[in-house]
Number of protein chains: 2
Amino acid sequence: MRQSDRINHIITQLSVNGSVGVGDLVDAMGVSAATIRRDLALLEGQRLLARTHGGAVAHGVLYELPLRYRSADRHEQKSRIARAAAGRVADGAAIGMTGGTTTTEVARALTDRRRLTVVTNSLSIASELAIRPNLKLVVTGGVARPESYELVGPLAEGALATLNLDLVLVGVDGISVEQGFTTHHDVEAHTNHALIARARRVVVVADSSKLGQIAFARICGLGDADELITDRDADAAEVEAVRAAGLEVTLV
Amino acid sequence: MRQSDRINHIITQLSVNGSVGVGDLVDAMGVSAATIRRDLALLEGQRLLARTHGGAVAHGVLYELPLRYRSADRHEQKSRIARAAAGRVADGAAIGMTGGTTTTEVARALTDRRRLTVVTNSLSIASELAIRPNLKLVVTGGVARPESYELVGPLAEGALATLNLDLVLVGVDGISVEQGFTTHHDVEAHTNHALIARARRVVVVADSSKLGQIAFARICGLGDADELITDRDADAAEVEAVRAAGLEVTLV
DNA sequence: CAAGAAACGCGCAGAATTCAACACGAGCCA
DNA sequence: TGGCTCGTGTTGAATTCTGCGCGTTTCTTG
């Protein structure tokens, strides 16, 4: 088991249970306690956890851990979704992208395009695309949320007010017929809504685990989007319900 | 097995598992570990993965802190400058930072502060600080320049217009008595000037190689800054000239 | 409050990994 | 044929990771 796997395991345990024990980790991963402590010290240095005697607890809010530790989850589905979403983007278009692991995956699938303007409020996507001279990258500005790397707030929405987009790709945390598209954070939802309002076409990307889920804050109703791209593991009844609500659903 | 096949295999493994091991790849493809490492180094250069000891992880799953800047040039001097500059920042202050390797170093030195608001137009600094829940990070927005990771243009300057800062830390490419502070790009210079205009106190950080240099675009005159922090390798005559022009110079 | 147990930090040595440098062979072209 | 480049493998030094032992700190329990 490599160090990256250990780190991943620790972070996963932390997000599930809120705390971890050194002994449990030793048993689960078959390495010495010294190694576990070194891993914990590393993560502590990154302010991702606080150490306790016998283990560690999650640092601050844990339901939403930094993206770079989570993106391995359902990676294959997200890749397929990303490729499909990239197919919706015409060369030379001006598109918007919100934050999220799936949209970040889409950003990677767009790196080889020529002549494309990308507007985003996600620092992850911005870092991903900033080195590509073939793309024009516009960042909205705003206050950064440590949990999601998204820029939110009045500054972001003010920047958006002057822009018009051909297409916007939106990542969400929950999709339900009753509550529409939802996310974990209210200001984020508001900023995402502002981005959606500037686009002629709205495509939502989300892996199938989000179907039927309702997160804390509402972004918009199902009717405000033009298409949902998700993976084929989606529950058939949920898909039918969304389609019945009038939203085009693509399974990949 | 050709190189393209190996690359393909590595990418596939990475997207399925999120990580790969050098040993596994050697067994799977029947080539030497050196070749695998060369392949991984190639993909790392394309930002498709991040290397770890014993293998690599999908880009975005990295457990280390954001991009270690390769520019180890004058790293020792920059660290000293960064520590000194961090000493100018009071807890609870609202500060601005422009882009540059030296200012990024200052950002690192500020990560353990409590209650600090940082406004920046640099994606590098934003990535560095975004993960810290103890800091409030405000990003200006704007168009990203691939060469410097800075956000520039009207969007950035518009965002700045509403903010007032206690202190701004500026990185520059040239310092001269005749031309003042200069940088390599004209729009960047304009955006930096806009940031300076919002601050009550302006501190310029630059290693001593910048003294006496004149870059393409002028940011502001020496008189518009309150202090210059540079390293003690600075040419004594140049330092005297700057001091004679009325600017406080600190050597570290 | 005190004693025992558990956990921690530190230093060290062995193992694994990486890097830099060089050697070898295939393919290409003059 | 000879020389050249490119990709690959090998070697040895340097770096990093890991596990163990020991003294110290912290927690628990009576």
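Everything quoted here is computed from the prediction, not taken from an experiment. Reminder, nothing fancy here: chain letters follow the sequence lines and each chain counts from 1.
- Side-chain N or O atoms of Asp233(A) include none that pairs as donor or acceptor with a backbone N or O of Ser208(A) at under 3.5 Å.
- In this structure, CG of Leu25(A) is placed 16 Å from C1' of dT18(D), rounded to the nearest angstrom.
- Phosphate contact (OP1/OP2 of dT8(D), side-chain N/O of Arg2(B), threshold under 4.0 Å): absent.
- Tested against Thr191(A) for a side chain to side chain contact (heavy atoms under 4.5 Å, CB included), the candidates Asp186(A), Thr98(A), Val152(A) yield a single pass: Val152(A).
- When the side-chain contact (heavy atoms from CB on, under 4.5 Å) test is applied to Asp39(A), the partners found at least two apart in sequence or on another chain are Gln3(A), Arg6(A), Ile7(A), Ile10(A), Thr35(A).
- Dashed line: the shortest gap from a side-chain N or O of Arg37(B) to OP1 or OP2 of dA16(C) is not under 4.0 Å.
- Between the CZ atom of Arg38(B) and the C1' atom of dT17(C) there is a distance of 15 Å, rounded to whole Å.
- The interatomic distance linking Ile36(B) (CD1) with dG7(D) (P) rounds to 15 Å, in whole Å.
- Not one side-chain nitrogen or oxygen of Ser32(A) sits closer than 4.0 Å to the OP1 or OP2 atom of dT18(D).
- When rounded to the nearest whole Å, the span between CZ of Arg6(A) and C1' of dT16(D) equals 12 Å.
- Within 4.0 Å of Gly55(B), counting heavy atoms only, lie sugar-phosphate atoms of the nucleic acid but no base atom.
- Gly23(A) comes within 4.0 angstrom of no nucleic acid atom, judged by non-hydrogen atoms across all strands.
- Regarding Asp39(A), its CG atom lies at a distance of 17 Å from the P atom of dT16(D), rounded to whole Å.
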